[in-house]
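Worksheet for the structure shown next.
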Amino acid sequence: MLDLKFIRENRDLVERAARQKNARVDLDGILSLDEERRRLLGEVDVLRHDRNRASEEVNRLKKAGQDASELISRVRSDAERVKELEARLREVESKLFELVSYLPNIPAPDVPEGNPPDGNVVVRSWGEPPRFDFKPLPHYELAERLGLIDFKAAGRMAGSFFALYTGLGARLERALINFMLDRHRAEGYLEIAPPLMVNRRAMFNTGQLPKLEADMYRVESEDFFLIPTAEVPVTNIHQDAILSENQLPIRYTAFTPCFRLEAGAYGKDTRGLMRLHQFDKVEMVKFCRPEDSYAEHEKLTADAEGVLQALELPYRVVLLCTGDLSFAGAKCYDLEAWAPGVDRFLEVSSCSNFEDFQARRCNTRYRTRTGEVRLVHTLNGSGVALARTVACLLETHQRPDGSVVLPAALRPYLDNLEAITP
RNA sequence: GGAGGGUUAGGCUAACGGUAAGUCAGCGGACUUGAAAUCCGCCGGCUCCGAAAGGAGCCUUGGGGGUUCAAAUCCCUCACCCUCCGCCA
């Protein structure tokens with residue numbers, strides 16, 4: 001959510017940001033409603049002031065044992081007028097809120113302007129893509145041959161875009177989760193196991209609503225949503241809170257499954273682990289002071305990169321251009337790991353700074369050492385998304401005999417197993 | 001699912017329908033060599049005026065309605081919490 005005063009004073013900036021993010025917004029409507037709101041507020045304040053003084057007078061008269069009926073009948077019409085104006089004000093405010101809810105966050109100044117894929121900028125790469133003297137297999141073939149995943153069974157019970165991990169496949173999944181959580185814990189993140197369903201407010205606070213309702217699974221009987229990422233419950237931990245400055249930065253890490261409708265994606269990435277309705281992810285979330293958020297963003301990205309490095313997975317860091325930025329994001333790096341079997345980069349992490357956009361909706365603030373109350377900045381990043389990482393892992397570390405070597409960092413989590421063999 | 005009780009500011013806690021009292025913590029200041037103690041102020045939001053410092057007004061007792069000149073208080077509704085019953089891993 002953007003601040004109304006900011007919108008009023010930076011109309012061009014807000015309009016440009018919306019255009020850059022390919023969002024259609026009604027700035028005229030917002031500004032005229034805002035003007036009407038302030039006009040009504042001024043009017044109603046004066047009336048309320050008069051009414052309050054009259055009420056006090058009634059109180060005085062009654063306490064003095066005098067008759068107040070004349071004053072009461074005189075003030076009654078004013079009180080009714082206040083009611084009318086208040087009703088009108090509520091109407092204007094709710095329309096205004098509705099419109100402002102659709103305004104996307106402003107991209108940071110150093111975010112390249114443009115649209116994907118051309119507009120995105122690769123800022124650095126790590127690792128050499130492996131060279132094979134045989135034709136590397138895609139992960140879904142490896143997984144099937146090694147008995148790690150049964151896509152057919154998943155399809156029978158749930159449908160396409162689901163995976164069912166078996167045996168070592170299931171253990172590998174669990175090992176990766178534990179490995180990542182342990183790693184982030186050592187980096188100073190507090191581990192969280194949050195609800196996997198959240199209410200509408202939580203989903204609104206992080207910016208998934210109102211725009212993306214069609215992309216999410218909803219439990220109709222309770223108006224709950226299945227979380228599309230742990231970002232939602234974890235960012236909402238401090239809803240309506242005033243934190244103290246010396247608590248910041250706060251770092252959380254959480255493993256959760258993530259549920260995504262992927263509406264409109266049918267026919268794309270239909271095989272394997274690249275696109276699923278449900279996938280596991282370890283997430284990192286930070287709350288910090290505004291002046292620290294861009295430094296924290298770099299550190300967060302580095303923490304996500306550390307996971308890929310430890311797994312010996314070559315990747316590149318992509319700075320998203322304005323047209324690829326999410327609704328709530330101000331700046332975002334995607335980490336794309338190389339998947340030689342399917343011969344492409346797969347997005348396995350997204351590290352974003354939301355500045356105060358989510359904090360304003362969550363009403364998450366902190367008190368400075370001098371007693372001032374300010375909004376925090378929120379950030380999050382995947383550290384990292386499992387399914388695609390498993391795909392990259394199998395494809396990158398495969399050998400000619402169809403086996404897969406496990407990176408050393410993962411072996412302690414799998415009874416020191418060195419390779420998965422047929 | 002049923003019955004009852006509850007929700008007041010960062011925490012705790014008052015208020016016969018009469019205009020939110022205290023307290024602890026925190027911040028600033030006074031006092032002090034320094035600290036503690038003590039005292040004073042601040043410690044939600046919006047609008048307007050002002051270059052600013054600041055000032056004025058309104059709103060804020062879980063959310064939203066209603067009754068009333070006036071609502072923390074009465075009524076309706078929703079959310080959440082607690083207790084008991086039922087069901088249940």
Side-chain angles (χ1 to χ4, degrees), chain A residues 1-9 30-101 193-205 209-210 218-225 233 236-248 250 287 289 356 359-376:
Chain A
M1 193 76 100
L2 297 176
D3 178 40
L4 255 179
K5 193 179 290 176
F6 179 86
I7 297 167
R8 207 183 296 147
E9 290 165 2
I30 288 170
L31 291 175
S32 73
L33 280 171
D34 173 52
E35 207 176 308
E36 188 176 0
R37 170 177 165 268
R38 284 181 295 150
R39 188 178 58 72
L40 282 168
L41 208 52
E43 212 174 320
V44 86
D45 273 4
V46 170
L47 277 169
R48 280 200 281 227
H49 177 66
D50 294 347
R51 184 203 57 190
N52 291 347
R53 294 298 83 79
S55 285
E56 284 170 9
E57 184 59 22
V58 169
N59 189 24
R60 261 196 301 278
L61 289 174
K62 286 204 168 181
K63 276 185 177 159
Q66 295 178 351
D67 177 33
S69 56
E70 192 188 331
L71 181 56
I72 287 174
S73 63
R74 188 142 50 83
V75 84
R76 187 171 288 142
S77 65
D78 278 357
E80 276 164 16
R81 176 80 182 133
V82 168
K83 285 244 158 71
E84 282 170 33
L85 286 179
E86 282 176 339
R88 174 84 187 121
L89 189 61
R90 275 197 302 273
E91 206 178 304
V92 167
E93 284 184 332
S94 92
K95 272 189 204 158
L96 184 58
F97 182 80
E98 164 83 9
L99 286 180
V100 173
S101 297
L196 305 182
M197 290 188 281
V198 298
N199 58 31
R200 189 168 277 276
R201 159 104 199 260
M203 212 51 113
F204 175 81
N205 285 347
L209 292 182
R218 179 161 161 243
V219 179
E220 279 189 39
S221 60
E222 302 282 345
D223 204 27
F224 284 150
F225 293 85
N236 274 285
I237 287 176
H238 298 297
Q239 193 181 98
D240 294 318
I242 298 181
L243 306 165
S244 74
E245 182 166 6
N246 53 28
Q247 285 178 267
L248 302 177
I250 293 172
F287 299 78
R289 303 186 304 176
D356 63 13
R360 187 168 289 106
R361 292 185 173 198
C362 287
N363 195 27
T364 300
R365 296 169 295 171
Y366 75 102
R367 199 181 303 277
T368 66
R369 295 193 176 92
T370 55
E372 196 188 340
V373 176
R374 300 160 72 189
L375 291 166
V376 299

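Not measured: the values here are computed from a predicted model.
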Can a salt bridge be assigned to the pair A:Arg367 and A:Glu245 using a cut-off of 4.0 Å between side-chain N and carboxylate O?
-> no

Nearest-Å distance for atom pair CG/C1', residues A:Leu243 and B:A25 = 16 Å

A correct 5'-to-3' footprint of nucleotides 64-71 of chain B, with B, S and - meaning base, sugar-phosphate only and no protein heavy atom under 4.0 Å, is -SS-BBS-

Starting from P on B:C59, measure out to CG on A:Leu85 and report it in whole angstrom.
-> 13 Å

Trace of the side-chain contact (heavy atoms from CB on, under 4.5 Å) decision for A:Phe225 with A:Val219 | CA-CA 6 Å; A:Phe225 293 85; A:Val219 179; over 6 Å; no

If you measure from the Lys or Arg side-chain nitrogens to the Asp or Glu carboxylate oxygens, is any gap between A:Arg88 and A:Glu91 under 4.0 Å?
-> yes

What pattern of brackets, bars and dots sums up RNA chain B from 5' to 3', given Watson-Crick or G-U wobble pairs under 3.5 Å, [ ] for crossing pairs and | for another strand?
-> (((((((..(((.....[...))).(((((.......))))).((((((....))))))..(((((..]....))))))))))))....

Which is true for A:Arg60 with a 4.0 Å heavy-atom rule: it touches a base, it touches only sugar-phosphate, or it touches nothing?
-> nothing

Base, sugar-phosphate, or nothing for A:Arg369, non-hydrogen atoms under 4.0 angstrom?
-> sugar-phosphate

Sort out for me which residue in A:His238, A:Gln247, A:Arg374 forms a side chain to side chain contact (heavy atoms under 4.5 Å, CB included) with A:Tyr366.
-> A:Arg374

A:Glu372 has an atom CD; how far is it from atom P of B:G44, in whole Å?
-> 12 Å

Partner of A:Asp34 under salt bridge (Lys or Arg N to Asp or Glu O under 4.0 Å), picked from A:Lys5, A:Lys95, A:Arg8, is A:Arg8

Salt-bridged, A:Glu56 to A:Arg53, with N to O below 4.0 Å?
-> yes

Between protein and nucleotides 22-24 of chain B, what N or O pairs are separated by less than 3.5 Å?
none

Whole-Å distance between B:C46 P and A:Met1 CE?
-> 13 Å

Determine whether more than 12 heavy atoms belonging to other residues, nucleotides or ligands lie under 6.0 Å from atom CD of A:Glu35.
-> no

Rounded to whole angstrom, note down the P distance from B:A20 over to B:A79.
-> 31 Å

Using whole Å, report how far CZ of A:Arg201 lies from P of B:C80.
-> 14 Å

How does each nucleotide of nucleotides 6-14 of chain B score, in 5' to 3' order, for protein heavy atoms under 4.0 Å: base (B), sugar-phosphate only (S), or none (-)?
-> ----S----

Rounded to the nearest angstrom, tell me the gap between atom CG in A:Asn199 and atom P in B:C78.
-> 17 Å

Not counting sequence neighbours, which residues clear side-chain contact (heavy atoms from CB on, under 4.5 Å) with A:Ser94? List them please.
-> none

Side-chain donor/acceptor of A:Arg360 to backbone N/O of A:Met1, under 3.5 Å = yes

Expressed in whole Å, how much space separates the C1' atoms belonging to B:U60 and B:G2?
-> 36 Å

Would you call A:Arg200-A:Asp223 a salt bridge at under 4.0 Å N-O?
-> yes

Indicate whether OP1 or OP2 belonging to B:U47 is found under 4.0 Å from a side-chain N or O atom of A:Arg8.
-> yes

Mind checking whether A:Leu47 and A:Arg51 have side chains closer than 4.5 Å, heavy atoms only?
-> no

Can you tell me how far C1' in B:G63 sits from the matching atom in B:C81, rounded to whole Å?
-> 15 Å

Ignoring backbone atoms, establish whether A:Arg38 has a side-chain N or O less than 4.0 Å from OP1 or OP2 of B:C46.
-> no

Taking the same atom, C1', in B:U8 and in B:G4, what whole-Å distance lies between them?
-> 22 Å

In numerical order, the residues of residues 39-50 of chain A whose heavy atoms come under 4.0 Å of RNA chain B are A:Leu41, A:Asp45, A:Arg48, A:His49

A:Asn236 has an atom CG; how far is it from atom P of B:C80, in whole Å?
-> 15 Å

Name the nucleic acid region contacted by A:Arg53, choosing base, sugar-phosphate or nothing; use a 4.0 angstrom heavy-atom cut-off, strictly under.
-> sugar-phosphate

So, does A:Asn199 use its side chain to make a donor-acceptor pair with the main chain of A:Ala202 at under 3.5 Å?
-> yes

Expressed in angstrom and rounded to an integer, what is the separation of A:Glu93 atom CD from B:C59 atom P?
-> 14 Å

Salt-bridged, A:Asp78 to A:Arg81, with N to O below 4.0 Å?
-> no

Using the P atoms only, state how far B:G6 lies from B:A15, rounded to an integer number of Å.
-> 13 Å

Worked verdict on A:Arg201 versus A:Asn205 for side-chain hydrogen bond (donor to acceptor under 3.5 Å, both in side chains) = CA-CA 6 Å; A:Arg201 159 104 199 260; A:Asn205 285 347; 3.2 Å; yes

Gap in Å between the two C1' atoms, one belonging to B:U73 and one to B:G62, rounded = 16 Å

Parallel, tilted or perpendicular: which fits the ring planes of A:Phe204 and A:Phe97, with parallel below 30° and perpendicular above 60°?
-> tilted

On a whole-Å scale, what distance lies between the P atoms belonging to B:G86 and B:A3?
-> 16 Å

Rounding to the closest angstrom, what is the interatomic distance between B:C59 and B:G50 at atom P?
-> 24 Å

Is there a donor-acceptor contact under 3.5 Å from the side chain of A:Gln66 to the main chain of A:Leu61?
-> no

For the pair A:Asn363 and A:Arg361, evaluate side-chain hydrogen bond (donor to acceptor under 3.5 Å, both in side chains) and give the outcome as yes or no after the intermediate values.
-> CA-CA 5 Å; A:Asn363 195 27; A:Arg361 292 185 173 198; over 6 Å; no

Inspect the contact between A:Arg60 and A:Glu57 and indicate whether a charged nitrogen and a carboxylate oxygen are less than 4.0 angstrom apart.
-> yes

